[in-house]
Amino acid sequence: MSDGLWVVDTYNRNITYPKEAFIYLMIGIGLTIAAYLIIQCERNRGTLVKDKNGPGIGKDNRIFINKMWEQREKIGSGMIVFLFIMLVVVSIFDFAKALGLIQPLILTGMTGYSFLHIMRDEDEEMKETNLQPRNPKIRCFLRLIDYREHLFSIPLLLFIIIVMTFLLSKHFGLMLSLETSGNPRYVMSLPTSAWITAALVFACAFMYIIQHCNFFGIHRAEQGEYKVIQIHFAEIIVCGATFLIWLVVLVLALFTS
């Protein structure tokens with residue numbers, strides 16, 4: 001993920017991506033597939049502990065997560081004030097550095113919020129709510145993008161496509177018009193949308209992991225459909241806009257280069 005974000009951030013600089021960038025991307029994809037296969041093998045063998053009271057032995061750190069979720073507004077307000085002061089101080093000495101910190105901070109904030117939201121205890125009423133559509137074709141499609149069952153989310157695939165586009169455009173001499181300065185014609189630039197998409201990748205990964213495994217002392221827990229639907233709504237907004245921006249940028253590069 002970090003290698004992909006570095007590729008996105010350094011595209012407009014006068015550098016050539018090293019061959020290692022392609023290698024690291026392939027390694028990341030390979031590790032993702034390997035992790036999925038390992039968890040699937042464990043599921044088939046039935047070695048993952050599942051019971052009605054919640055799996056795992058010992059203290060469940062979800063208690064701490066629940067307390068943080070209850071205080072999320074107070075904690076979030078404090079973090080925003082602290083980060084704003086930090087950015088102001090940094091901008092006094094290096095304004096460009098302060099601007100460069102904004103996207104990583106947005107990614108960290110979105111990832112942290114999604115972590116708390118997914119790892120917390122879900123209301124039993126919401127967990128048991130049946131949100132399945134009546135149309136069998138739509139139900140089949142939703143099963144394909146149910147991130148409780150696999151790691152290969154739409155945000156992950158879109159992020160990989162964007163990174164590959166950046167790498168291959170340099171390789172074949174195409175120039176992408178990212179419009180990262182001035183007044184862009186889009187709501188956001190492609191690099192910015194890639195950072196936001198990366199946050200959704202983490203959210204989908206958290207959903208899959210906690211559905212099947214204990215994670216940092218947080219016991220495995222069945223995730224309800226409501227959380228999955230919330231991720232899908234975020235995908236419609238973020239991935240929809242990102243895909244359209246990527247498509248326009250790619251078409252313009254192909255017809256103007």
Side-chain angles (χ1 to χ4, degrees), residues 1-38 96-97 99-111 114 144-145 147 150-206 208 231 234-257:
M1 182 65 70
S2 60
D3 181 60
L5 293 174
W6 174 81
V7 169
V8 169
D9 266 354
T10 57
Y11 180 81
N12 283 331
R13 301 178 188 175
N14 295 323
I15 63 172
T16 302
Y17 293 129
K19 294 181 179 179
E20 287 80 2
F22 291 91
I23 297 174
Y24 293 154
L25 180 62
M26 293 300 107
I27 291 176
I29 296 174
L31 290 176
T32 301
I33 296 174
Y36 170 74
L37 293 176
I38 291 173
K97 185 69 173 180
L99 289 178
L101 289 174
I102 293 177
Q103 287 182 337
L105 289 176
I106 292 175
L107 172 62
T108 304
M110 292 181 64
T111 303
S114 63
L144 293 176
I145 56 174
Y147 306 136
H150 60 80
L151 279 170
F152 309 106
S153 61
I154 293 176
L156 176 61
L157 297 178
L158 182 58
F159 183 81
I160 293 173
I161 290 173
I162 292 173
V163 174
M164 288 298 297
T165 302
F166 277 58
L167 291 174
L168 294 176
S169 66
K170 284 273 189 176
H171 182 74
F172 290 106
L174 297 176
M175 190 61 193
L176 302 178
S177 178
L178 302 181
E179 300 191 10
T180 53
S181 61
N183 297 317
R185 64 170 67 95
Y186 320 114
V187 176
M188 54 186 173
S189 66
L190 188 58
T192 300
S193 60
W195 278 87
I196 299 176
T197 302
L200 273 182
V201 174
F202 283 111
C204 297
F206 294 149
Y208 178 77
I231 290 180
E235 285 177 335
I236 293 174
I237 299 172
V238 175
C239 295
T242 301
F243 177 77
L244 290 176
I245 294 172
W246 168 80
L247 187 62
V248 172
V249 169
L250 181 61
V251 170
L252 289 176
L254 292 174
F255 282 95
T256 59
S257 298

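Rounded to the nearest 0.5 angstrom, Met175 CE and Leu252 CG are separated by 13.0 Å. Annotation: the span from Trp195 atom CH2 to Leu190 atom CG amounts to 13.5 Å, rounded to 0.5 Å. Glu235 contributes atom CD, which lies 10.0 Å from atom OG1 of Thr197 (distance to the nearest 0.5 angstrom). Rounding to the nearest 0.5 angstrom, the gap separating the CD1 atom in Ile237 from the OG1 atom in Thr242 is 11.0 Å. Rounded to the nearest 0.5 Å, atoms CD1 (Ile29) and CD1 (Ile33) are 7.0 Å apart. The distance from the CD1 atom of Ile196 to the CG atom of Leu107 is 9.5 Å, given to the nearest 0.5 Å.
Side-chain atoms of Tyr147 do not come within 3.5 Å of backbone N or O of Phe206 as any donor-acceptor pair.
A search for side-chain hydrogen bond (donor to acceptor under 3.5 Å, both in side chains) contacts involving Ser114 returns nothing, not counting sequence neighbours. Not counting sequence neighbours, Tyr24 has no partner by the ring-ring contact (aromatic ring centres under 6.0 Å, His included) test. Applying the side-chain hydrogen bond (donor to acceptor under 3.5 Å, both in side chains) test to Trp246 and every residue at least two apart in sequence or in another chain returns Thr165. For the side-chain hydrogen bond (donor to acceptor under 3.5 Å, both in side chains) test, no residue two or more places apart in sequence or in another chain qualifies with Thr111. Residues that satisfy the ring-ring contact (aromatic ring centres under 6.0 Å, His included) test with Phe166, not counting sequence neighbours, are Tyr11.
Nearest approach of Ile231 to Ala203, heavy atoms of both residues: CD1-O, 4.2 Å. Of all the heavy atoms in Leu151 and Ala35, the pair that sits closest is CD1-CB, 4.4 Å.
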| task | Carefully, step by step, assess Gln103 and Leu5 under the rule side-chain contact (heavy atoms from CB on, under 4.5 Å). | result | CA-CA 10 Å; Gln103 287 182 337; Leu5 293 174; over 6 Å; no

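Sorted by first and then second residue, the side-chain hydrogen bond (donor to acceptor under 3.5 Å, both in side chains) pairs with a member in residues 151-160 form an empty list; sequence neighbours excluded.
Taking the side chain as every heavy atom from C-beta outward, Val7 and Phe22 never approach each other to under 4.5 Å. Side-chain contact between Leu156 and Thr32 is present, with heavy atoms from C-beta onward closer than 4.5 Å.
Between Tyr36 and Phe152, the angle of the ring planes goes over 60°, which puts this pair in the perpendicular group of the 30/60° scheme.
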